[in-house]
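Step one of this worksheet: look at the structure below.
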Amino acid sequence: MTDLQKHHERVALLRPVPFEMTTQVHSPTDTVKSGKALSINISSGGMLVLMDHAPEVEQVLKVLVPTPTSLAGTPTLAEVRWTRRLPFGRQNGQGTYFVGLKFIF
């Protein structure tokens with residue numbers, strides 16, 4: 001499958017996505033951080049979201065994947081594969097980030 005074919009299976013999906021950070025890569029603690037991200041697109045293998053911080057690559061998140069009805073969502077685990085800071089927004093490490101998530105099955 002080519003990269004172009006992979007892009008075709010993605011579907012635009014602009015919805016708030018609740019998440020919980022279930023593990024910390026470099027500092028495993030019992031604290032769980034939760035929040036909301038904004039989904040940009042989704043495929044069978046993962047999704048692209050916007051977040052107000054950059055989670056660490058390989059960090060595992062529990063995300064509530066949106067379904068066609070706005071009242072339901074499917075909880076699943078996703079691994080952070082990459083992050084990219086948007087070139088505008090707040091300074092001092094604050095800002096908005098694209099975050100690529102891979103679903104863990």
* Side-chain touch Leu13/Asn41, heavy atoms, less than 4.5 angstrom -> no
* **Glu20/Lys62 salt bridge by N-O under 4.0 Å criterion** => yes
* **Heavy-atom closest contact (His53 atom, Phe19 atom, distance)** => CE1-CZ, 3.9 Å
* **Leu101 vs Val63, side-chain contact (heavy atoms from CB on, under 4.5 Å): CA-CA, chis, key distance, verdict** => CA-CA 10 Å; Leu101 300 176; Val63 294; 4.2 Å; yes
* Structure fact -> Heavy atoms of Ser39 and Met47 approach each other most closely as CB-SD, 4.3 Å
* To do: Taking the side chain as every heavy atom from C-beta outward, state whether Met21 and Glu56 have any atom pair closer than 4.5 Å.
  => no
* Does the side chain of Val17 reach to within under 4.5 Å of the side chain of Val65, using non-hydrogen atoms? -> no
* What are the two closest non-hydrogen atoms of Leu48 and Trp82, and how far apart are they? -> CD1-CH2, 3.5 Å
* Please round to the nearest 0.5 Å and tell me the distance separating atom CG of Leu61 and atom CG of Leu77. => 9.0 Å
* Does the side-chain contact (heavy atoms from CB on, under 4.5 Å) test come out yes or no for Val80 and Val99, once each step is laid out? -> CA-CA 7 Å; Val80 175; Val99 178; 4.0 Å; yes
* Counting distance only, does the side-chain N/O of Ser43 pair as donor-acceptor with the main-chain N or O of Glu9 below 3.5 Å? -> no
* side-chain contact (heavy atoms from CB on, under 4.5 Å) assessment of Thr76 paired with Ile104 -> CA-CA 8 Å; Thr76 192; Ile104 302 172; over 6 Å; no
* **Criterion side-chain contact (heavy atoms from CB on, under 4.5 Å) on Glu79 and Gln59, from CA distance to verdict** => CA-CA 6 Å; Glu79 180 183 34; Gln59 185 165 22; over 6 Å; no
* Asked: When rounded to the nearest 0.5 angstrom, what is the spacing between CZ in Arg15 and CD1 in Ile42?
  -> 9.5 Å
* So with a 6.0 Å cut-off around CZ of Phe103, is the heavy-atom count from everything else above 12? -> yes
* **Any side-chain heavy-atom pair of Phe98 and Met51 under 4.5 Å** => no
* **Nearest atoms (heavy-atom pairs only) where Leu38 meets Pro16** => CD1-N, 4.1 Å
